[in-house]
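Numbers here simply count residues along the sequence, with the first being 1. Atoms within a ligand are numbered from 1 in the order they appear, just like the ligands themselves.
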Amino acid sequence: MSYDPENIFAKILKGEIPSEKLYEDEDTYVFMDIMPRADGHCLVIPKTPARNMLDATPDQLAACLATVQKMGHAVMKAFDAEGVTVQQFNEAAGGQEVFHLHYHVLPRHKGLSLRAPGQMADFDVLKSHAEKIRAAL
Ligand code: AMP
């Protein structure tokens, strides 16, 4: 299994397709998931190529997890959440659909289930959620 440099997140990193950016540092980039399973659902990716956890370097994994932690605090603050779920899928059999390493960060509230996958966001709502997260950072 190799890295496809034309995958959709590689195109986001190259600025070829738009994303609702929340944060970036030297090694990682964070943006809103366009099919959010919870309000504030965002994605953390490394800026360098990795198909998923299985081929990533320890440095890529460490950089991503440091940013995941930062975003976990930010989304909890922005949405007054009581917890945060982090998801990361590897290969199609493991639930992966986009083959550039990414971590889902989802703020959670007691008793509130995640929404079903595959439902496109209202982009005005997505933008307003992004503004709340950026303000919390
Ligand atoms: P998975 O590979 O199963 O972890 O899921 C890929 C995730 O990427 C899904 O939650 C999609 O909603 C999300 N996604 C796909 N295309 C885009 C995009 N252009 N911008 C933001 N999120 C995306």
R134 side chain vs L22 backbone, donor-acceptor pair below 3.5 Å: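 Absent.
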Find all protein N or O atoms under 3.5 angstrom from an N or O atom of ligand 1 and list the pairs with distances, or write 'none'.
residue: ligand 1; atom: 2 (O); partner: E97; partner atom: N; Å: 2.6
residue: ligand 1; atom: 2 (O); partner: V98; partner atom: N; Å: 2.9
residue: ligand 1; atom: 2 (O); partner: H102; partner atom: NE2; Å: 3.1
residue: ligand 1; atom: 3 (O); partner: G95; partner atom: O; Å: 2.8
residue: ligand 1; atom: 3 (O); partner: E97; partner atom: N; Å: 3.4
residue: ligand 1; atom: 4 (O); partner: H102; partner atom: NE2; Å: 2.5
residue: ligand 1; atom: 4 (O); partner: H104; partner atom: NE2; Å: 2.7
residue: ligand 1; atom: 10 (O); partner: D33; partner atom: OD1; Å: 3.3
residue: ligand 1; atom: 10 (O); partner: D33; partner atom: OD2; Å: 2.5
residue: ligand 1; atom: 12 (O); partner: D33; partner atom: OD1; Å: 2.5
residue: ligand 1; atom: 22 (N); partner: I34; partner atom: N; Å: 3.3

Inspect the contact between D39 and R108 and indicate whether a charged nitrogen and a carboxylate oxygen are less than 4.0 angstrom apart.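 Answer for the salt bridge query: no.
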Can you find a side-chain donor-acceptor pair between [X] and [Y] that sits under 3.5 Å?
{"X": "Q96", "Y": "N52", "value": "yes"}
{"X": "Y29", "Y": "D25", "value": "no"}
{"X": "T28", "Y": "Y23", "value": "no"}

Kindly work out whether a path of hydrophobic side-chain contacts (I/L/V/M/F/W/Y, heavy atoms less than 4.5 Å apart) joins V125 to F79.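 No, no single cluster joins them.
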